[in-house]
Amino acid sequence: MRSNRPLQAPRNPRSTSASRKEPDMATQMKVGIGTPLSRVDGRDKVTGAAKYAAEYVVPNMLYGVIVSSAIAKGKITGFDDAAARSVPGVVEILSHENRPKEAWFDHSYKDELNIPGEPFKALHDETIMFSGQPVALVLAETFEAARYAASLLGVQYENEAHNIDFEASLEEKFLPKKKRNTYHPPKTRGEPDTAFKASALQLSETYHLAPEHHNPMEMHASTVEWHGDGKLTVYDKTQGSQGVQAYIASAFGFSKKDVRVVNAYVGGGFGSGLRPQYQVQLAVLAAKKLERSVRVVMTRQQMFTHAHRPECTYGIKLGAETTGMFTSIYGDATTSTSRFENNMEDIVTWGIMNYASPNAGGEYTIAPRDTYTSADMRAPGAATGMALFEIAVDEMAYKAKVDPLEFRMINYSEIDAMNELPFTSKALREAYREGAEKFGWSKRTPEPRSMTEGKELIGWGVATGMWDAQFSKTAASAKLTANGHLEVATAASDIGTGTYTVLTQVAADTLGLPVDQITAKLGDSDLPTSPVEGGSWGAASGGAAVQLACQAVAKKLLKAADKVENRPLWGAKSIGDIEFADGHMSLKSDVTKRVSITDVMRAADLTVIEEEETASPGISGMISMMQKARNTHSAVFVEVKVDEELDVVRVTRVVNAVAAGRIINPKTARSQILGGVVMGIGMALHEETFADVKMGRWINHNYAEYHVPANADIQDIEVIFVDEPDPEVTPLGVKGLGEIGIVGTAAAVANAIYHATGKRVRSLPITIDKLLETEVSA
């Protein structure tokens with residue numbers, strides 16, 4: 001039966017269970033872990049004081065403009081550069097014919113991702129491997145001159161047959177002998193095929209995700225400042241300054257100590273900056289050849305010629321009893337890669353890990369085509385594999401005539417079912433419960449097309465999210481001066497996640513200093529060692545390192561306190577006996593015994609205390625990681641409204657309940673989940689890069705035709721953080737939040753669309769044309 005009652009709760013775009021009343025400025029000065037502090041770098045960003053890679057003022061600088069290949073595969077046979085060189089201000093045109101010396105062997109170009117195969121080397125030789133490949137760099141005294149000259153450069157090619165059609169590439173799919181070190185092969189338990197054939201309920205369908213491009217606001221750019229004598233500073237759009245530093249030294253013959261890489265601010269990455277992109281190769285080559293400073297910025301169109309989420313086809317077989325309990329799970333997935341590197345992702349493992357079934361297994365292969373290498377994009381593998389699997393789970397729930405949320409509870413696994421490991425913590429049940437209550441799931445009518453409002457069909461969908469809770473070796477320093485100012489530093493990047501803010505809060509929490517007396521320094525290869533920013537490990541790893549460094553400072557302060565007259569802290573044997581708050585140190589056993597940090601330093605005649613510490617899992621931690629699973633989980637609830645005649649979809653409500661350990665800052669944490677949800681909506685409804693098979697290139701390589709969600713596409717999003725104490729997962733009990741927000745969101749949208757329309761679309765994104773041509777299920 002149809003119900004015409006209004007189902008949507010009153011709109012309140014600002015409402016969220018993760019938001020608390022923001023502290024006033026006086027309170028913000030003394031906040032620590034758990035407070036929704038506004039971003040400490042916010043003022044610099046909104047006033048323009050924050051500088052990005054293409055904004056540094058460097059004297060005597062040349063501007064480089066990239067000339068992109070007009071063919072998808074073949075060879076360069078010659079250049080016609082007379083007209084380009086005649087443009088006033090043009091200094092040089094760099095190509096494979098005149099580039100400076102660089103390393104020859106592939107291992108010299110390996111970056112932190114270490115993807116098996118042959119890394120791309122810009123201007124290395126005459127070979128063309130993908131459309132848009134850089135074939136030349138025009139350098140001039142002004143950007144305008146370089147851009148105009150680039151338009152005049154003639155390039156002659158010898159074409160070869162190419163293929164970027166994913167369906168055609170499946171004929172060549174394979175599993176490489178050498179695996180990417182982040183790839184985990186699916187493990188088989190029981191006999192999934194036999195169990196499937198014997199199952200009372202069977203589902204066997206193929207699901208698909210289109211390729212997506214990262215498209216951060218800041219385009220990839222590099223400003224190389226040439227200091228002479230082989231020394232250079234590189235301001236680069238990257239998610240890891242020290243990775244780029246090592247790459248430049250290895251590939252281009254510089255001493256590592258002579259290369260400094262700065263990425264103090266990064267305008268979004270989503271994984272596109274995990275490895276050095278070709279603009280930094282070109283900028284360094286040009287600076288080395290001409291011994292001058294050089295800036296190279298990709299155009300928006302050129303941003304479509306490198307990193308992208310791989311296209312995926314995923315065959316899923318599910319067997320179940322009539323009660324809805326799984327008897328068999330099996331997945332067979334293939335993702336796309338380039339012909340020169342073998343990028344791999346964990347696709348089929350997520351469903352096998354997350355759901356209890358006595359029989360489960362899977363296969364995975366990659367399919368090569370003539371594009372740039374596919375790349376990690378926000379929650380790589382999980383965003384694809386979990387989303388497609390969760391659509392299949394929803395489909396099986398309808399077959400079993402079981403409520404989709406109840407179906408997930410029936411098949412709930414208390415352990416990582418694939419690896420048979422207990423979790424350090426798993427509060428997914430609580431996420432289901434709290435999310436359902438906030439969303440109003442109990443008011444849902446089960447039949448598709450049974451809920452309406454005016455001319456729109458209303459659908460409610462649910463999906464599960466799962467991601468890794470990782471911890472990586474990271475170093476940080478803490479420097480306290482006599483005036484009570486603290487500086488904490490690590491080479492880690494802030495790609496928009498709020499790292500400056502959360503590290504400031506950890507420092508404030510540890511030493512009890514007001515926020516306005518703390519400065520966080522990030523994004524500089526000269527700072528203490530940190531891994532590339534990715535995998536959602538930044539807050540957990542950097543936070544732990546900052547805490548250790550601040551604790552080392554605290555120990556020095558406790559020792560120095562013996563110099564204070566009357567020794568007010570006498571009796572304290574360790575910093576565990578001391579309370580640090582409001583810029584003071586006091587005995588926990590008697591808070592009236594206190595002294596200011598500045599008085600301690602004055603009494604001990606200290607002008608500065610500086611310490612550096614490294615947070616690392618260590619041997620015991622590594623053993624623990626092998627013995628227990630470490631993951632974040634989420635329950636995503638979505639409401640859609642679909643025009644009954646036109647099949648236009650609106651996502652009107654999202655509730656995302658997240659179990660992610662300790663939350664350092666609910667405000668920045670909520671922002672991370674909001675961003676992930678928006679990207680998930682894009683994956684479900686908008687984002688798709690189209691291939692021109694004949695030309696061998698991506699054809700919608702701009703913001704006009706590559707659709708990402710805009711303000712009009714986003715309505716109410718509510719974020720809930722489930723209480724999940726976890727003293728084991730990381731030193732701070734923190735689980736990363738950068739990626740869990742996207743995992744499962746697209747599936748929840750797709751499942752809501754089915755509930756609204758009765759049309760099961762198994763290929764993302766779900767666009768109007770797909771809905772119009774899909775029949776309502778019987």
Side-chain angles (χ1 to χ4, degrees), residues 109-117 119-120 176 179-184 209-216 218 220 237-240 243-244 247 263 266 268-278 280 303-312 333-338 340-350 364 366-367 371-388 465-470 472 492-493 495-497 530-538 541 631-632 672 675-676 679-680 682-683 687 689 736-743 745-746:
Y109 296 85
K110 288 291 184 181
D111 51 62
E112 287 180 89
L113 299 191
N114 198 29
I115 297 175
F120 176 68
K179 312 297 191 294
R180 187 178 171 186
N181 56 15
T182 56
Y183 168 71
H184 303 91
L209 176 73
E212 301 175 339
H213 277 77
H214 298 67
N215 277 302
E218 182 194 13
H220 282 282
K237 163 54 181 289
T238 177
Q239 292 174 230
V244 173
Y247 177 88
N263 65 326
V266 182
F270 314 124
S272 66
L274 288 175
R275 61 191 315 195
Q277 296 297 353
Y278 62 70
V280 73
M303 291 290 288
F304 284 80
T305 63
H306 54 86
H308 60 278
R309 193 189 296 278
E311 191 164 355
C312 177
T334 302
T335 57
S336 61
T337 186
S338 67
F340 51 91
E341 286 180 309
N342 296 328
N343 184 39
M344 307 177 72
E345 293 191 348
D346 292 340
I347 300 292
V348 303
T349 54
W350 300 99
Y364 174 77
I366 57 175
T371 66
Y372 190 83
T373 308
S374 59
D376 296 338
M377 182 173 176
R378 202 171 199 163
T384 301
M386 199 69 179
L388 299 181
M466 183 179 183
W467 182 245
D468 298 319
Q470 302 183 61
S472 298
S493 308
I495 61 174
T497 53
S530 175
V532 66
E533 178 80 356
S536 298
W537 57 60
S541 307
N631 294 92
T632 54
Q672 284 301 288
M679 286 190 75
M683 174 184 281
E687 293 196 50
T689 319
L737 287 164
E739 284 151 304
I740 186 61
I742 190 176
V743 184
T745 298

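No hydrogens, no waters, no symmetry mates; every other heavy atom, side chains included, goes into these values. Please read these numbers as outputs of a predicted model, since none were measured by experiment.
Of the inter-residue distances, the one linking N342 atom CG with I366 atom CD1 reads 4.0 Å to the nearest 0.5 angstrom. Rounded to the nearest 0.5 Å, atoms CD (Q239) and CD1 (I495) are 4.0 Å apart. With rounding to the nearest 0.5 Å, the separation of CE in M386 from CD1 in I347 is 12.5 Å. Atom CD1 of residue I742 and atom CE of residue M679 lie 4.5 Å apart, to the nearest 0.5 angstrom. Distance CD/E345 to SG/C312: 8.0 Å, rounded to 0.5 Å. One distance of note links CG of L274 with CD1 of I115; it measures 9.0 Å at 0.5 Å rounding.
Side-chain contact between R180 and L113: present, with at least one pair of heavy atoms (C-beta onward) separated by less than 4.5 Å. Using a 4.5 Å cut-off on side-chain heavy atoms (C-beta onward), Q470 and S536 make no contact. Taking 4.5 Å as the limit, every side-chain heavy atom of T384 sits out of range of all side-chain heavy atoms of T335. Side-chain contact between N631 and D468 is present, with heavy atoms from C-beta onward closer than 4.5 Å. In this structure the side chain of T745 never reaches within 4.5 angstrom of the side chain of M683, judged on heavy atoms. P531 has its side chain out of reach of S541: every pair of non-hydrogen atoms, C-beta onward, lies at least 4.5 Å apart. Using a 4.5 Å cut-off on side-chain heavy atoms (C-beta onward), T497 and E533 make contact. Looking at V743 and W350, their side chains never come closer than 4.5 Å, going by heavy atoms from C-beta outward.
Residues meeting the side-chain hydrogen bond (donor to acceptor under 3.5 Å, both in side chains) test with H308, sequence neighbours left out: none.
Ring planes of Y372 and F340: perpendicular class, angle over 60° (limits at 30 and 60°).
What you find for A383 and R309 is that their closest heavy atoms are CB-NH1, 3.5 Å. When every heavy atom of W537 is checked against every heavy atom of S472, the shortest pair comes out as CD2-OG, 3.6 Å. Here the closest heavy-atom approach between residue G240 and residue N263 is recorded as N-ND2, 4.1 Å. Looking at every heavy atom in both residues, S336 comes nearest to P310 through O-CB, 3.3 Å. Closest heavy-atom contact between G273 and T238: O-OG1, 3.4 Å. Listed here is the closest heavy atom pair of A379 and E739: N-OE2, 3.0 Å.
None of H220, R275, H214 except one satisfies the side chain to side chain contact (heavy atoms under 4.5 Å, CB included) rule with H306; the exception is H220.
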Legend entry - Candidate pair H213 and T689, rule side chain to side chain donor-acceptor pair (under 3.5 Å), full reasoning: CA-CA 7 Å; H213 277 77; T689 319; 2.9 Å; yes
Inset, instruction - Mind running side-chain contact (heavy atoms from CB on, under 4.5 Å) on Y364 and T334 for me, showing each step along the way? - result: CA-CA 6 Å; Y364 174 77; T334 302; over 6 Å; no
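A donor-acceptor pair shorter than 3.5 Å can be found between the side chains of E341 and T373. A donor-acceptor pair shorter than 3.5 Å can be found between the side chains of N343 and S374.
Of the possible donor and acceptor atoms, none in the side chain of D111 sits under 3.5 Å from a partner among the backbone N and O of P276.
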